[in-house]
Amino acid sequence: MAKRRSRRTRLTLLACGVVTLALIVQLLRVTVLASPSYTNLATQEPETTVTLPGLRGSILARNGQVLAMSELRDTILADPLLIKNPLPEAATLAKLLSLPTAQVEHALTVKGGYSVVAQLVTQSIGSKIETMALNGVLPGINVEPGQARYYPAGSLAEPVLGRVGANDNGLFGLEYQYQKLLAGKNGYAVEQTATGNLPLPNSIVKKQAPVQGRSLKLTIDPYLQAYAEQAVAGEMQKTNAIGGTAVVMDVATGQILAMVSLSAPPLPGAKPLANGGQPVDVKRALPTQSWINQAVAYSYEPGSVAKIATFTAALQDHLITPTSTEVVPGHLNIGGSIFHDAEPHPTEVLSMGQILAQSSNVGTIEIARRLGPARLLASFQRFGWGEPTGLAFPGETQGYLKPISQWSATAIGSTPIGQDQLVTPLQILDSYNAIANGGVMVAPKLVLGTVGSNGKLSPLSSPAPHRIVPASIDKEMVHLLSGVTGANATAPDATIPGYVVAGKTGTSQKPLHTQAGYQMGAYWGTFVGMVPAQHPVLSAVVMLDQPVPIYGGMTAAPVFSQIMRYALARYGVTPTGTIDTSLLPHTAKSSSRRSRE
């Protein structure tokens, strides 16, 4: 019995020894001979990746003034599942965020594990909240970095600049067109976190710095832009127009110094016309920025500004001379339709200058009939009508020119006087700017270039200028167009004391939307011109949509004169076309005639 007990004791001791030895070996392996994987497991904390926003590039005016910019902003988030005492926490947050306590408390008590407490919070406030969350004062609160877009000049040039959406992507305008250039590249930081997914202090284990987007430097002059917007808005109120557009261009470079696009919708309660058109005789809201850039996205029948194509082609083909005359009957019957001038008159003999100055439809049609459809259409095409301008602005339309195969029996009468075609205000300005530029077409330009973080400007390329009218013919056209602003012509209101203004009026009736024909009383009024005529430095187009009175010479021409008077003074342009810097006002001296660079 004793022997059996002794054997059992030995077996038990042996088993205990084996187990003890195994434990010692395992302890040595784990503590002394631990593998790297165990070491990592022992020291590893949960990690989270935080996005570091890459700021969107700014948009600058030609003088460097900031028109659009982004700043880092934080979003305050809550996890209601981790918040045990919402009321005191809400009171603390509300004081920091300057928000009602009840509003914050609601965000902290909604169902679920995610709630937005506040957005667009400054980084200083966001940093305070994040520190308090890390210290356990605000459990369940997290701070997410982001950015916000600001427009320091308010709504100035909004249809040109555009706007961005909630995801910082451009929605329209230059913000949309140059999205890839403006957008920054986000970075990231990998942080170790504690309970509640809160980052530990000084625990960043990996980091990729964000990259800021490139900035854009525009050709727009903010002072001229603001003045032009005021001038167009004033005339819209005076004439009850539903829309107004103006573009001012540097003749030599094609740089756009101002681009205005305003609208004035009817007041609530006004009924639209059955054909979808806008009524003429209703009260309207104050002019505001249009939802589209009408200068490039709005095409219309331009009226008599189209006569430039007939006259330049006829001069170039020696069908007329500046001193030749034309027998102009009171009306013409073409294809069964009657064409006449704005004012009835008997058959008369008019010079080329008189036909343009009085904007005679009949006289122009007589010249166009000798020119023929092929040469007339080719002239329009040389001026860029029916073709993209090269600006590539979002929503830009190229207008429309009917191919000769689609011309009706009346087209040789309607096309020369600006009907049966669609063109944008910018296309009109481009064509007249070519005449101002000695017959050389220069592409319009809105963006001078991009600017990197080093502040250096990288110019953007532009299509090469090309001649479309011989220099000798161009001089003759400028001389003929100078008569349009004479005392007995259609645009005496476009004149500027001391300067010779060359240009052309256009008055065109708006077609019906849903049926053939034109809307009674609804017209477009246009004036396009250049100054000083002897050596043009600036060109501009003004278009008013449904003004009363209807005539471009009575509505658009005065706005042209008003804007150009300001621009000539701002840039120190003398009546001979030279630049006198001593004449510059204080606001322009810092950027003396940058438009000529």
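Bear in mind the structure is a predicted one, so any value in this text is a computation, not a measurement. Both backbone and side-chain heavy atoms feed into the values below; hydrogens, waters and symmetry mates do not.
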| task | Could you list the residues that satisfy side chain to side chain donor-acceptor pair (under 3.5 Å) with S458, not counting sequence neighbours? | result | R214

| query | Can T389 and D430 be said to form a side-chain hydrogen bond (donor to acceptor under 3.5 Å, both in side chains), step by step? | reply | CA-CA 8 Å; T389 63; D430 284 346; 4.8 Å; no

| message | I'd like to check the side chain to side chain donor-acceptor pair (under 3.5 Å) partners of D493; sequence neighbours left out, ordered by chain and number. | response | none

| task | Calculate, to the nearest 0.5 Å, the distance between atoms CG and CG belonging to L376 and L401 respectively. | result | 9.5 Å

| said: Checking T490 against S359 for the side-chain hydrogen bond (donor to acceptor under 3.5 Å, both in side chains) test, could you report, in this order, the C-alpha distance in whole Å, the side-chain angles of both residues, the deciding distance, and whether it holds? | reply: CA-CA 7 Å; T490 59; S359 200; 5.5 Å; no

| Under the side chain to side chain donor-acceptor pair (under 3.5 Å) test, residues paired with S462 that sit two or more places apart | K445

| message | Assess the residue pair L257 and L538 against the criterion (side-chain contact (heavy atoms from CB on, under 4.5 Å)); give the C-alpha distance rounded to whole Å, side-chain angles, the decisive distance to 0.1 Å, and a yes or no. | response | CA-CA 9 Å; L257 305 175; L538 299 172; 3.7 Å; yes

| field | Atom CD of Q406 with >12 non-hydrogen neighbours under 6.0 angstrom | value | yes

| remark: Nearest heavy-atom approach of L391 to P444 is CD1-O, 3.6 Å

| field | Non-hydrogen side-chain atoms of P322 and M352 separated by less than 4.5 Å | value | no

| For the side chain of Q546 and the backbone of G243, is there at least one donor-acceptor N/O pair under 3.5 Å apart? | no

| task | Could you go through the side-chain contact (heavy atoms from CB on, under 4.5 Å) check for W385 and S431 one step at a time? | result | CA-CA 8 Å; W385 292 27; S431 58; 3.5 Å; yes

| query | Rounded to the nearest 0.5 Å, what separation is found between the CG atom of L218 and the CD atom of Q255? | reply | 11.0 Å

| request: Report the residues that fulfil side chain to side chain donor-acceptor pair (under 3.5 Å) with T415, sequence neighbours left out, ordered by chain and then residue number. | output: none

| said: If you define the side chain from C-beta out and look only at heavy atoms, does anything of T424 sit under 4.5 Å from V296? | reply: no

| message | Enumerate the salt bridge (Lys or Arg N to Asp or Glu O under 4.0 Å) contacts for residues 361-385, please, sequence neighbours excluded, ordered by first and then second residue. | response | D317-R375, E326-R370, E366-R369

| task | Specify the closest pair of heavy atoms between P403 and L377, including all atoms of both residues, with the distance to one decimal. | result | CA-CD2, 4.4 Å

| said: Does anything in residues 279-296 form a salt bridge (Lys or Arg N to Asp or Glu O under 4.0 Å)? List the pairs, not counting sequence neighbours. | reply: none

| field | Derivation and outcome, side-chain contact (heavy atoms from CB on, under 4.5 Å), residues Y300 and I428 | value | CA-CA 11 Å; Y300 69 112; I428 294 172; 3.3 Å; yes

| task | Measure from the side-chain N and O atoms of E396 to the backbone N and O of A392, and report whether any donor-acceptor pair falls under 3.5 Å. | result | yes

| query | Tell me, do Y432 and V305 make a side-chain contact under 4.5 Å, heavy atoms counted? | reply | yes

| Is it the case that more than 12 heavy atoms not belonging to M441 sit under 6.0 Å from its CE atom? | yes

| query | Just by modelled atom types, is the I320 backbone N or O under 3.5 Å from a matching donor or acceptor in the S324 side chain? | reply | no

| said: Check whether Q294 reaches the backbone of L262 with its side chain - one donor and one acceptor, N or O, closer than 3.5 Å. | reply: yes

| Non-neighbouring partners of R149 that pass salt bridge (Lys or Arg N to Asp or Glu O under 4.0 Å), sequence neighbours left out | E175

| request: Classify the angle between the aromatic ring planes of Y227 and Y566 as parallel (below 30°), tilted (30 to 60°) or perpendicular (above 60°). | output: parallel

| said: Quick one, S261 with N293, criterion side-chain hydrogen bond (donor to acceptor under 3.5 Å, both in side chains). Give me CA distance, side-chain angles, the key distance, then yes/no. | reply: CA-CA 6 Å; S261 183; N293 185 354; 4.6 Å; no

| remark: CG (D250) and CG (D221) are apart, to the nearest 0.5 Å, by 11.5 Å

| Residue pairs, two or more places apart or on separate chains, that pass side chain to side chain donor-acceptor pair (under 3.5 Å) and touch residues 231-241 | none

| said: List the residues meeting salt bridge (Lys or Arg N to Asp or Glu O under 4.0 Å) with E158, not counting sequence neighbours, and say none if there are none. | reply: R163

| message | Could you measure the distance from the NZ atom of K504 to the CG atom of L480? Nearest 0.5 Å is fine. | response | 11.5 Å

| Are any of the side-chain heavy atoms of I468 and V440 separated by less than 4.5 Å? | no

| message | Using side-chain heavy atoms (C-beta onward) and a distance below 4.5 Å, is T253 in contact with V442? | response | no

| message | Please enumerate all residues that pass side chain to side chain contact (heavy atoms under 4.5 Å, CB included) together with A226, with sequence neighbours excluded. | response | L156

| request: For P532 and T576, work out which heavy atoms get closest and say how close. | output: CG-C, 4.1 Å

| message | Is there a side-chain contact (heavy atoms from CB on, under 4.5 Å) between Y178 and I59? Walk through the geometry before answering. | response | CA-CA 10 Å; Y178 291 95; I59 300 180; over 6 Å; no

| request: Taking atom OH of Y176 as the centre, report whether more than 12 heavy atoms of other residues, nucleotides or ligands fall under 6.0 Å from it. | output: no

| NE2/H466: more than 12 non-hydrogen atoms of other groups inside 6.0 Å | yes

| Tell me the salt bridge (Lys or Arg N to Asp or Glu O under 4.0 Å) pairs involving residues 534-547, sequence neighbours left out? | K510-D545

| message | Just verifying a value: how many Å separate N437 CG and M530 CE, rounded to the nearest 0.5 Å? | response | 10.0 Å

| query | Among all residues two or more places apart in sequence or in another chain, which pass the side chain to side chain contact (heavy atoms under 4.5 Å, CB included) test with T507? | reply | Y523, I550, Y551

| said: So E301 and Y518, do their side chains get closer than 4.5 Å, heavy atoms only? | reply: yes

| query | Is atom NE2 of H345 surrounded by more than 12 heavy atoms (other residues, nucleotides or ligands) closer than 6.0 Å? | reply | yes

| remark: For T310 and P416 the tightest heavy-atom approach is OG1-CB, 3.6 Å

| task | Report yes if the side chains of P470 and Q316 come closer than 4.5 Å at any heavy-atom pair, otherwise no. | result | yes

| field | Atom pair CD (E476) and OG1 (T323), whose distance is rounded to the nearest 0.5 Å | value | 9.0 Å

| request: Quick one: closest heavy-atom pair of P266 and V282, and the distance? | output: CB-CG2, 4.1 Å

| Do L446 and I220 have side chains that get closer than 4.5 Å, going by heavy atoms? | yes

| request: Show the numbers, then the answer: is there a side-chain hydrogen bond (donor to acceptor under 3.5 Å, both in side chains) between Q278 and Q519? | output: CA-CA 9 Å; Q278 288 271 16; Q519 180 181 334; over 6 Å; no

| query | Are any side-chain N or O atoms of Q427 and backbone N or O atoms of E387, one a donor and one an acceptor, separated by less than 3.5 Å? | reply | yes

| remark: Between Q534 and P575 the two heavy atoms that sit nearest each other are OE1-O, 3.5 Å

